[in-house]
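Below you'll find the structure, written out as structure tokens, and then a few comments.
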Amino acid sequence: MQPLFLYNTLTRKKEEFKPIKPPLVGLYVCGPTVYSDVHLGNCRTFISFDMIYRYLVHIGYKVRYVRNITDAGHLEGDRDEGDDKFAKKAKLEQVEPMEIVQKYTVGFHDVMQAFNNLPPSIEPTATGHICEQIEMIKEIIAKGFAYVVDGTVYFDVEKYNKDFSYGQLTNRKLEELLEGTRELSGQDEKRGRLDFALWINAKPETLMRWPSPWGWGFPGWHIECSAMSSKYLGDVFDIHGGGMDLQATHHTNEIAQSQACNHKAPVNYWMHTNMLTVNGARMSKSAGNGFLPGELFTGDHPLLEKGYSPMGVRFFMMQTHYHSTLDFSNEALQASEKGFERLMESHNTLQTLKAGTTSSEDIKALQQKCYDAMNDDFNTPILIAHLFEAARIVNSANDNKLTVTQNDIDTLKNIYQHFVFDVMGLKKEEENSKTTAVLDKVIHMVLDIRNKAKVEKNFPLSDEIRNKLTDAGVQIKDTKEGSSWKI
RNA sequence: GGUCCUGUGGCCGAGUGGCUAGGCUCAGCUCUGCAAAAGCUGCUACAGCGGUUCGAAUCCGCUCGGGACCUCCA
């Protein structure tokens with residue numbers, strides 16, 4: 001296996017990836033909180049990690065990919081009052097909290113499928129792991145890094161920082177973190193400003209609550225990921241991923257919880273995907289500048305000029321490195337849509353490409369370049385650049401401007417299959433095969449008539465047929481072998 | 001206010017101390033009855049000012065612009 005390098009947030013360096021027990025790899029990614037529709041920023045993270053997962057599998061690793069569903073305990077702010085997001089939404093919509101969870105979980109899965117994301121190996125829910133979370137909190141208290149106030153359990157950050165380093169993931173010292181000039185409001189219970197809740201006391205009217213050694217309540221936001229990742233991947237595992245916005249708070253606290261429990265750093269490689277922006281500003285729930293995946297597909301949103309296919313959007317995302325911000329604009333989206341079509345078209349051409357006896361191209365070298373790109377921190381933009389080189393070779397060979405052997409063609413087919421479809425997870429847009437078959441016959445009938453007109457040099461008629469087909473959305477391609485069409 | 005990231009040609013976006021990524025757009029050419037498609041060619045950029053270096057878009061400093069985190073968010 002060739003060495004794979006990835007950027008590790010923990011060390012702020014590109015490092016060679018060395019799993020704990022090859023070929024096994026443990027991968028944990030923070031999943032969605034299912035109290036509303038997923039928005040596009042979440043999708044970018046999940047699409048990026050889907051690509052990473054696919055590549056790890058492609059190069060031979062046996063990956064256990066865990067992505068959680070947060071369906072409880074996620075408070076608005078770290079206050080020890082009020083309901084969690086699900087209960088709030090449930091009261092608003094006059095339904096059971098678990099109805100909210102169910103509705104948006106199903107919606108989330110639909111979107112993941114539309115983007116052709118593979119399902120994770122395990123998709124655990126927070127509500128399904130209350131016991132594990134309670135056990136972990138008990139352990140943290142036993143180790144002396146948490147305290148209880150009126151049925152709420154807090155993590156003692158300053159005490160923890162004496163033995164370990166709290167801000168290591170963001171490269172910050174505790175004193176710096178404490179220096180923030182934020183007002184201390186409604187936080188009288190907590191000993192330290194940075195302390196966060198592990199378990200939150202709940203009043204009887206709270207809809208979602210569970211019994212615990214500290215009374216009825218519900219878990220804090222950060223504990224679920226620590227409890228579930230260690231349950232399914234072990235106390236120390238290979239890769240933990242998520243959006244960059246989780247780095248400073250959520251992931252920092254995850255490390256603290258696990259380390260307080262086991263006295264071991266839980267994760268060897270932390271990977272963070274960058275944010276999605278719209279007109280230069282981060283797309284976020286609170287900013288309200290986002291659109292939903294569904295709106296993106298249909299184009300039904302003021303910011304969108306038209307609808308964009310899920311695969312076009314996925315390709316667009318792949319053209320930017322996962323670690324860079326990605327700005328959404330109609331212009332950029334349409335540009336990459338065209339590029340994607342051209343790449344797919346060249347794949348069609350490849351299927352009927354005729355082999356020559358000599359070769360003028362080094363296809364094996366091109367294939368190696370594709371691996372080099374991916375091995376360098378999953379550099380899909382570079383990979384795509386090489387794939388367009390492959391497309392150029394295919395098209396040129398098809399025009400008899402260069403020659404490739406059967407061996408080359410087989411390698412090219414492998415390149416497309418492995419990198420375009422298997423690793424980047426792109427696929428050709430679904431067509432209704434039955435309808436398409438009929439349509440194909442009809443259009444070929446029309447093209448036959450047009451060809452007769454052309455032979456008779458009745459160009460006004462042949463052009464009229466072509467123009468009308470174009471108006472109907474059918475593009476005609478004339479070649480020496482005859483005419484073909486596409487939508 | 002604190003911490004950090006970033007500024008690339010018409011647009012989007014990679015990237016390494018020296019060998020012009022790629023896509024889209026635009027112009028020209030080849031092919032074609034004309035187009036389209038495809039191929040070829042051209043448009044050759046790295047915010048500004050200093051510094052290090054034989055050589056910097058790539059390293060350092062300053063200035064200006066954009067953004068993120070510190071508060072729920074992937």
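Just so we're on the same page: letters track the sequence lines, and every chain starts at 1.
Annotation: rU8(B) and rG23(B) have their C1' atoms spaced 15 Å apart (nearest Å). Remark: the separation of the P atoms in rA37(B) and rA27(B) is 13 Å, to the nearest Å. Straight-line distance between the P atoms of rU30(B) and rA35(B): roughly 11 Å, to the nearest whole Å. Nucleotides rA56(B) and rG48(B) are separated by 14 Å at their P atoms, to the nearest Å. Comparing the same atom, C1', in rA14(B) and in rC24(B) gives a spacing of 15 Å after rounding to whole Å. The separation of rC31(B) from rG17(B), taken at their C1' atoms, amounts to 44 Å, rounded to a whole angstrom. On the C1' atoms, rC49(B) is 15 Å away from rG65(B), given to the nearest whole Å. rU41(B) and rC59(B): their C1' atoms are spaced 37 Å apart (whole Å).
Contact annotation for Ala385(A): base contact, defined as any heavy-atom pair under 4.0 Å involving a base atom. Across all strands, Gly41(A) comes closer than 4.0 Å to base atoms (heavy-atom distances). At a threshold of 4.0 angstrom between heavy atoms, the contacts of Gly31(A) are confined to the sugar-phosphate backbone, with no base atom among them. Among the heavy atoms of the strands lying under 4.0 Å from Met275(A) is at least one base atom, whether or not backbone atoms are also near. As judged by a 4.0 angstrom heavy-atom cut-off over every strand, Asn395(A) is placed among residues touching the sugar-phosphate backbone only.
With respect to Thr11(A), the side-chain hydrogen bond (donor to acceptor under 3.5 Å, both in side chains) criterion is satisfied by exactly one of Lys14(A), Lys13(A), Glu15(A): Glu15(A).
Candidate nucleotides rC73(B), rA14(B), rG33(B) were compared by shortest atom distance to the side chain of Lys454(A), and rG33(B) ranks first. Nearest to the side chain of Lys338(A), among rC12(B), rA74(B), rU25(B), sits rU25(B). Comparing atom distances between the Ser396(A) side chain and each of rG39(B), rG23(B), rA74(B) picks out rG39(B) as nearest. You'll find that the side chain of Arg392(A) is closest to rC40(B), out of rA14(B), rG23(B), rC40(B). Comparing atom distances between the Asp399(A) side chain and each of rG22(B), rA38(B), rC24(B) picks out rA38(B) as nearest. Of the candidates rA14(B), rC73(B), rG33(B), the closest approach to any side-chain atom of Thr320(A) belongs to rA14(B). Listed candidates were rG39(B), rG15(B), rG22(B). Nearest to the side chain of Asn379(A) is rG15(B). In this structure, of rG22(B), rA14(B), rA74(B), it is rA14(B) that holds the atom nearest to the side chain of Ser324(A). Closest to the His39(A) side chain, of the nucleotides rA74(B), rG22(B), rG33(B), is rA74(B).
Ring-plane geometry between Tyr166(A) and Tyr160(A) is classed as perpendicular, the angle between the planes exceeding 60 degrees on a 0 to 90 degree scale with a lower cut at 30.
One atom, NZ of Lys401(A), and another, P of rU41(B), lie 11 Å apart when rounded to the nearest Å. In this structure, Ile384(A) atom CD1 and rG15(B) atom P are separated by 13 Å, rounded to whole Å. The separation between Leu276(A) atom CG and rA68(B) atom P is 13 Å, rounded to whole Å.
Residues Gln334(A) and Tyr308(A) have side chains in contact (heavy-atom distance under 4.5 Å, counting atoms from C-beta outward).
You'll find the ring centres of Tyr7(A) and His323(A) inside the 6.0 Å limit. For an aromatic pair to be called close, the ring centres must be under 6.0 Å apart, and Phe316(A) with Phe340(A) fails this. In this structure, Phe46(A) has its ring center closer than 6.0 angstrom to the ring center of Phe108(A). Ring to ring, His129(A) and Tyr232(A) are close: their centroids are under 6.0 angstrom apart.
Positionally, the nearest nucleotide of RNA chain B for Glu331(A) lies more toward the 5' end than for the other of Gly339(A) and Glu331(A). Each of Tyr322(A) and Pro460(A) lies near RNA chain B, and the nucleotide nearest Tyr322(A) is the one positioned closer to the 5' end.
A distance cut-off of 5.5 Å between ring centres, combined with a plane angle under 30°, places Phe459(A) in a stacking arrangement with the base of rG33(B).
Put simply, the side chain of Gln133(A) gets close to the backbone of Ala126(A): a donor and an acceptor are under 3.5 Å apart.
Within the structure, a side-chain polar atom (N or O) of Arg342(A) is placed less than 4.0 Å from OP1 or OP2 of rG39(B). Look at Thr249(A) and you'll find a side-chain N or O under 4.0 angstrom from OP1 or OP2 of rC70(B).
Partners of Thr380(A) according to the side chain to side chain donor-acceptor pair (under 3.5 Å) rule, which considers only residues two or more places apart in sequence or in another chain, do not exist here.
Stem analysis of RNA chain B (at least three stacked-register Watson-Crick or G-U pairs, each with both distances under 3.5 Å) gives B:1-7 with B:64-70, B:10-12 with B:22-24, B:26-30 with B:38-42, B:47-51 with B:59-63.
One can find a donor-acceptor pair under 3.5 Å joining the base of rA35(B) and the side-chain atoms of Arg466(A). For rG33(B), its base sits under 3.5 Å from the side chain of Asp463(A) at one donor and acceptor pair at least.
A donor-acceptor contact closer than 3.5 angstrom is absent between the side chains of His251(A) and His222(A).
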